[in-house]
Amino acid sequence: MIRVSIENLDKHIGEEVKISGWLYNKRSSGKIRFLVVRDGSGLLQSVIVKGNVTDSVFDLFDTITQESSLSVFGKIKKEERAPGGFEMEVTNVEIIHLAKEYPITPKEHGVEFLMDHRHLWLRSSRQHAVLRVRHQIIKAIREFFDNRGFVLMDAPIFTPAACEGTSTLFETDYFDLGKAYLTQSGQLYGEAGAMAHGKVYVFGPTFRAEKSKTRRHLTEFWMVEPEVAFNDLNDNMELAEEFLEHIVLSVLKHRQPELKILERNTKFLETVKKPLPKITYDEAIEILKKKGIAFEWGNDLGGTDETVISEQFDRPVIVHRYPAQVKAFYMKRDPQNPKLALAMDVLAPEGYGEIIGGSQREDDYDTLINRLDEHKLPHAPFEWYLDLRRYGSVPHAGFGLGIERTVGWICGLDHVRETIPFPRMIYRLNP
RNA sequence: UCCGCAGUAGCUCAAUGGUGGAGCAUCCGGCUGUUAACCGGAGGGUUACAAGUUCGAGUCUUGUCUGCGGAGCCA
């Protein structure tokens, strides 16, 4: 008898098949009994009727525990009453491993308990759905760049020094070379890649040692960072909106069942089409002032400010041309107004905050030297970076998209900790 | 680092300063279409830890620990 996946059951109606998986739940009404089996691809309700199986198989129902691994054998039929629309008429059951008492019951649990059992929680339907959406998002990201001639370029995880000070970096000993730091961005390396390949994207984990304690922060998270030679800020914003449109469309197209499990209202996703609204930093401040929020020009937008601004739109909004003083040294100034940086952030709707941050980069050698001095940064660690301005410097731009915040937004979750299999936060290193 | 909230059965939560309970899970029994099935029964407690107030503390006070949310910082 062939073993099939639950997701492919529609191709096996009327056939005798074998399904191997784990017991998700069981119910009974005396002489008729229901085993709900999950195999990773879906859920199947299998029915054991007294008389259709041997007594020993019928009695297995009493001993089998939640999350025991097993194979069920029987004929597949369409069944409206069953979750998923298909059902198995069981002829035989084989237990592979009888599970001990499973800690996560089909009832409510608190976050702490679930996080302590994250390795098991991943089996629950909501978590299962989130990680499938995450996979789809990552797949769509790679598709988008691969189809546009970008080259994937991995940046190092160990870095010699900070690009914006060491206070937010994790430090580790590195043999005889002193200290190494875990990367907080692959961008500078991406710029080197763009000068070699024209269009690259860096996709990897990044680390922040900030003691952030909010629903938007992890100490270890994934970021994808495209960098394109000859692009200016407008090209950069255009790339970002086409990128977001592609990601969201891909999820809407391929992950409807998951979005349904997550009870995600897709109304806020269907609007994500190019062009996205674009406002300047000054216009963003006007919005805040109209809402009666005190705000001083020159400050960065805080979490609540971002929420207020994004609530004015039914789709992600791009805010560009921030005060240079709150942005990184490598961002190019606006020739029209040197107080502004050619920076842009994308704020997700519904208060999900900044999912993209990017800019056109400073491509002039002398200006970049001045920026390093203004930010009181040493020159030596950046000599290789300055070389990019010594040898055929060109205008270029790029951005970084935070995977977990994007997953949280698309799934409609209230905390990024559920968007990654094993989240790392200040007070959580296990499991 | 700062501010706020919380910690009671394996889990989720009740309990006016006066004998610590319920649902789920576990175990036993019942039920031929269940949907977090349902019905009956049983077992299960150092009320986070330490000290204090009181005739009497899960409840009030102080300290410690842990978790959650927020601020700052950021994606």
Side-chain angles (χ1 to χ4, degrees), chain A residues 24-36 43 45-52 58 61-63 65-67 79-85 87 89 99-117 120-121 124-126 164-165 167-169 183-187 204-225 240 299-307 326-328 345-348 351-358 399-409 414-417 419-420 425-428:
Chain A
Y24 193 71
N25 198 3
K26 65 176 183 179
R27 292 183 287 270
S28 161
S29 183
K31 301 289 185 291
I32 181 165
R33 297 172 164 187
F34 302 89
L35 295 175
V36 180
L43 289 177
Q45 173 166 287
S46 50
V47 189
I48 307 175
V49 177
K50 179 111 176 152
N52 288 8
F58 190 77
F61 182 92
D62 294 325
T63 55
T65 50
Q66 187 186 354
E67 287 300 322
E79 174 54 66
E80 291 296 321
R81 288 171 290 188
E87 190 174 79
E89 293 169 342
K100 298 193 187 310
E101 189 180 332
Y102 193 65
I104 302 177
T105 63
K107 278 277 181 179
E108 296 167 35
H109 296 283
V111 174
E112 184 188 356
F113 177 82
L114 290 169
M115 273 299 167
D116 285 341
H117 296 84
L120 301 177
W121 191 21
S124 302
S125 61
R126 276 185 64 88
E164 294 152 67
S167 62
T168 63
L169 296 179
T183 182
Q184 61 174 2
S185 166
Q187 184 213 308
T206 48
F207 307 87
R208 302 281 166 90
E210 291 144 1
K211 292 189 173 178
S212 298
K213 202 167 157 27
T214 81
R215 62 184 67 201
R216 302 185 307 279
H217 288 87
L218 299 169
T219 55
E220 176 185 311
F221 65 98
W222 287 70
M223 193 153 66
V224 59
E225 302 175 281
N299 290 341
D300 205 354
L301 300 173
T304 42
D305 303 324
E306 288 181 354
T307 302
V326 297
K327 290 294 182 183
D345 285 354
V346 180
L347 309 181
Y352 282 97
E354 183 184 343
I355 51 172
I356 284 180
F399 59 82
L401 171 119
I403 300 301
E404 287 72 21
R405 285 189 185 174
T406 304
V407 175
W409 160 54
D414 63 4
H415 202 302
V416 290
R417 66 185 156 209
T419 64
I420 186 167
M425 297 173 286
I426 356 176
Y427 295 122
R428 180 162 296 278

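Letters go in sequence order (proteins before strands), and every chain restarts at 1. Computed from a predicted model, the values in this text were never measured in an experiment. Side chains are part of it too, since the values below use all heavy atoms of this structure and drop only hydrogens, waters and symmetry mates.
Residues A:Lys327 and A:Asp345 meet the side-chain proximity criterion, which asks for heavy atoms closer than 4.5 Å. Between A:Phe207 and A:Thr219, the closest side-chain pair of non-hydrogen atoms is not below 4.5 Å. Between A:Arg428 and A:Asp116 the shortest side-chain heavy-atom distance falls below 4.5 Å. Looking at heavy atoms from C-beta onward, A:Arg405 lies in side-chain contact with A:Val416 at the 4.5 angstrom threshold. Counting heavy atoms from C-beta outward, A:Glu79 and A:Val47 have side chains that stay 4.5 Å or more apart. The shortest side-chain heavy-atom distance between A:Asp62 and A:Arg33 falls under the 4.5 Å cut-off. In this structure, the side chains of A:Glu67 and A:Glu101 stay at 4.5 Å or more apart for every pair of heavy atoms.
Along RNA chain B, the nucleotide nearest to A:Glu89 and the one nearest to A:Asn25 differ in position, and the one closer to the 5' end is contacted by A:Glu89. Residue whose closest nucleotide on RNA chain B sits further toward the 5' end, between A:Thr219 and A:Met425: A:Met425.
The side chain of A:Arg417 sits closest to B:rC68 out of B:rU26, B:rG33, B:rC68. Closest to the side chain of A:Lys213, out of B:rG33, B:rC68, B:rU32, is B:rC68. Side-chain proximity of A:Arg215 to the nucleotides B:rA75, B:rU12, B:rG70 is greatest for B:rG70. Picking from B:rU26, B:rG33, B:rA71 the nucleotide with the shortest atom distance to the side chain of A:Thr214 gives B:rA71. Comparing B:rG72, B:rG33, B:rA75 by their nearest atom to the side chain of A:Val47 picks out B:rG33. Closest contact between the side chain of A:Glu210 and the listed nucleotides B:rC73, B:rU12, B:rU34 involves B:rC73. The side chain of A:Glu354 has B:rA75 as its nearest neighbour among B:rC73, B:rC11, B:rA75.
Between B:rA36 and B:rA25, the distance separating the two C1' atoms is 12 Å to the nearest Å. Nucleotides B:rU16 and B:rG56 place their C1' atoms 15 Å apart, quoted to the nearest Å. Of the C1' atoms belonging to B:rA57 and B:rU46, the separation is 15 Å, rounded to the nearest Å. Taking atom C1' in both B:rC27 and B:rU32, the straight-line distance is 25 Å, to the nearest Å. Taking the P atoms as reference points, B:rG58 lies 30 Å from B:rG69, given to the whole Å.
Below the 3.5 angstrom threshold, one finds a donor paired with an acceptor across the side chain of A:Glu87 and the base of B:rG33. The base of B:rC73 lies close enough to the side chain of A:Ser212 for a donor and an acceptor atom to sit less than 3.5 Å apart. Between the side chain of A:Arg27 and the base of B:rC31 there is no donor-acceptor pair of N/O atoms closer than 3.5 Å.
At the heavy-atom level, A:Ser28 lies under 4.0 Å from base atoms of the strands shown. The residue A:Arg33 sits apart from the nucleic acid: no heavy atom pair falls under 4.0 Å. Residue contacts shown for A:His117 are absent, as no nucleic acid heavy atom lies under 4.0 Å away. Looking at heavy-atom distances under 4.0 Å, A:His109 makes contact with sugar-phosphate atoms alone, never a base. Across all strands shown, A:Ile356 has heavy atoms under 4.0 Å from sugar-phosphate atoms exclusively, and none from any base. The residue A:Pro83 sits close to a base: some heavy atom pair falls under 4.0 Å. Within 4.0 Å of A:Gln45, counting heavy atoms only, lies at least one base atom of the nucleic acid. A:Tyr427 comes within contact range of the sugar-phosphate backbone alone, with a heavy-atom separation under 4.0 Å but no base atom that close.
Here the C1' atom of nucleotide B:rG30 and the CZ atom of A:Phe61 are 13 Å apart, to the nearest Å. Following rounding to the nearest Å, A:Lys50 (NZ) and B:rC31 (P) show an atom-to-atom distance of 10 Å. Distance, A:Glu112 CD to B:rG10 C1': 14 Å, rounded to whole Å. Rounded to whole angstrom, the span from the NZ atom of A:Lys26 across to the P atom of B:rC31 amounts to 16 Å. One atom, NZ of A:Lys31, and another, C1' of B:rU34, lie 15 Å apart when rounded to the nearest Å. As rounded to whole Å, 17 Å separates atom P of B:rC38 from atom CD1 of A:Ile32. The separation between A:Lys211 atom NZ and B:rC2 atom C1' is 12 Å, rounded to whole Å. The CZ-P distance, from A:Phe221 to B:rC74, rounds to 12 Å in whole Å.
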Let's test your reading of the pairing rules: Watson-Crick or G-U wobble, both distances under 3.5 Å, then write RNA chain B as a dot-bracket string with ( ), [ ], | and dots. (((((((..((((....[..)))).(((((.......))))).....(((((..]....))))))))))))....
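Both geometric conditions, a ring-centre gap below 5.5 Å and a plane tilt below 30°, are not fulfilled together for A:Phe34 over the base of B:rG33.
Side-chain contact of A:Ser185 with A:Glu225: a donor-acceptor pair under 3.5 Å is present, judged by distance alone.
Residues A:Val326 and A:Asp300 come closest through the heavy atom pair CG1-N, 3.7 Å.
The aromatic rings of A:His117 and A:Phe113 are tilted relative to each other, their planes meeting at an angle between 30° and 60°.
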